[in-house]
K.L.:
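Sharing a structure, written as structure tokens. Questions coming.
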Amino acid sequence: RVADQVMLFDSMLEATSRGNGPDFVIDIAANELNRFFRIFSDIGFERGAFEVQLDIQVCHIISWTMKSLQTAANIRDILTTGRFIAVRNMAIEALAFTPSPEEEAQVPNIEIDLFLSALSPKVFRIVNEKHFSFATFVEGGYDELEYEMKSEIWNFLEDVHDQLNEQIE
């Protein structure tokens, strides 16, 4: 299994080293983050990515729990050349997290970089289907979608784009 994981990283570096390689998105379940970033560090992936000019951007969706905040801080601290983007999904209600006096010193300071706006239930279902691809959508796919749904997806993408560009400027 470790060989498969290393092969994943190697194939990404190899594809990128050939020139304008594809973009890669790796969606990692929360319970696998520690293992993923341990391998990421152990094999020196970030250093290798930097050498072949592969930009690393790690988007981490924050929930207001101590564990989520500490995980975000750990990931942020692992990255040396990559960009850490803390994401708040506004479609998911967060319970207020109030640390106990003993916990206060342990709460990392995480600044939210990107706010994902809530989508209508109809559009939310569509973009969460296994076969849906934002890349295909941007390329003009999904002609069957109603105009209002397409507009909502475009507005969502433009909002994400604008927020990320503000961060860079």
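Sequential numbering from 1 along the given sequence is applied to the chain's residues.
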K.L.:
Could you give the distance from CZ (R38) to CG (L33), rounded to the nearest 0.5 Å?
P.N.:
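One gets 11.5 Å once the value is rounded to the nearest 0.5 Å.
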
K.L.:
Taking the side chain as every heavy atom from C-beta outward, state whether D55 and F50 have any pair of such atoms under 4.5 Å apart.
P.N.:
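D55 does not reach F50 side chain to side chain.
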
K.L.:
Just grab all the salt bridge (charged side-chain N to carboxylate O under 4.0 Å, His left out) pairs involving residues 152-165, residues at least two apart or on different chains.
P.N.:
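For residues 152-165, and leaving out neighbouring residues, there are no salt bridge (charged side-chain N to carboxylate O under 4.0 Å, His left out) pairs at all.
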
K.L.:
Going by heavy atoms in the side chains, are F45 and I39 under 4.5 Å from each other?
P.N.:
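When only atoms from C-beta onward are counted, I39 and F45 do not touch, as no gap falls below 4.5 Å.
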
K.L.:
Any side-chain to backbone donor/acceptor pair from E103 onto S100? Under 3.5 Å, distance only.
P.N.:
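Side chain of E103 to backbone of S100, a donor-acceptor pair under 3.5 Å: yes, one is there.
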
K.L.:
With R125, which residues qualify under side-chain contact (heavy atoms from CB on, under 4.5 Å), at least two apart?
P.N.:
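R125 satisfies side-chain contact (heavy atoms from CB on, under 4.5 Å) with P121, K122 once adjacent residues are dropped.
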
K.L.:
Going by ring pair (Phe, Tyr, Trp, His ring centres under 6.0 Å), name the residues that satisfy it together with F37, two or more places apart in sequence or in a different chain.
P.N.:
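For F37 the ring pair (Phe, Tyr, Trp, His ring centres under 6.0 Å) partners, ignoring immediate neighbours, are F40.
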
K.L.:
Just checking F132: does its CZ atom have more than 12 heavy atoms from other residues, nucleotides or ligands closer to it than 6.0 angstrom?
P.N.:
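Atom CZ in F132 is crowded, with more than 12 foreign heavy atoms closer than 6.0 Å.
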
K.L.:
State the CD-CD distance between Q106 and E104, to the nearest 0.5 angstrom.
P.N.:
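Result: 10.5 Å between the selected atoms.
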
K.L.:
Are the side chains of M66 and T71 in touch, meaning some heavy atoms are under 4.5 Å apart?
P.N.:
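Not in contact.
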
K.L.:
Roughly how far apart are C59 SG and L164 CG, rounded to 0.5 Å?
P.N.:
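Rounded to the nearest 0.5 Å, the SG-CG separation comes out at 6.5 Å.
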
K.L.:
To the nearest 0.5 Å, tell me how far I85 CD1 sits from E111 CD.
P.N.:
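Going from CD1 on I85 over to CD on E111, the span is 13.0 Å.
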
K.L.:
Could you check V58 against I56 for side chain to side chain contact (heavy atoms under 4.5 Å, CB included), going step by step and ending with a plain yes or no?
P.N.:
CA-CA 6 Å; V58 176; I56 295 175; 3.9 Å; yes

K.L.:
How far does CD1 of I61 sit from CG of L116, to the nearest 0.5 angstrom?
P.N.:
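Going from the CD1 atom of I61 to the CG atom of L116 covers 6.0 Å.
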
K.L.:
Measuring from atom NE2 of H161 to atom CZ of F156, what distance do you get when rounded to the nearest 0.5 angstrom?
P.N.:
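One gets 14.0 Å once the value is rounded to the nearest 0.5 Å.
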
K.L.:
Kindly list each side-chain donor-acceptor pair under 3.5 angstrom involving residues 136-149, sequence neighbours excluded, with atom names and distances?
P.N.:
{"residue": "T136", "atom": "OG1", "partner": "S133", "partner atom": "OG", "Å": "3.3"}
{"residue": "Y142", "atom": "OH", "partner": "H131", "partner atom": "O", "Å": "3.3"}
{"residue": "Y142", "atom": "OH", "partner": "S133", "partner atom": "N", "Å": "2.9"}

K.L.:
I want to check something: taking the side chain as every heavy atom from C-beta on, are I153 and L119 in contact at a cut-off of under 4.5 Å?
P.N.:
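Not in contact.
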
K.L.:
How would you list all residue pairs meeting side-chain hydrogen bond (donor to acceptor under 3.5 Å, both in side chains) that involve residues 73-82, not counting sequence neighbours?
P.N.:
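Listed by first then second residue: E46-T80, E46-T81.
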
K.L.:
Compare all side-chain heavy atoms of V87 with those of H60 and state whether any distance is below 4.5 angstrom.
P.N.:
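Heavy-atom side-chain distance check fails, nothing below 4.5 Å.
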
K.L.:
So, using side-chain contact (heavy atoms from CB on, under 4.5 Å) as the criterion, who are the partners of I112 when residues are at least two apart?
P.N.:
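Once residues adjacent in sequence are excluded, the partners of I112 under the side-chain contact (heavy atoms from CB on, under 4.5 Å) criterion are I62, W64, A86, R88, F115.
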
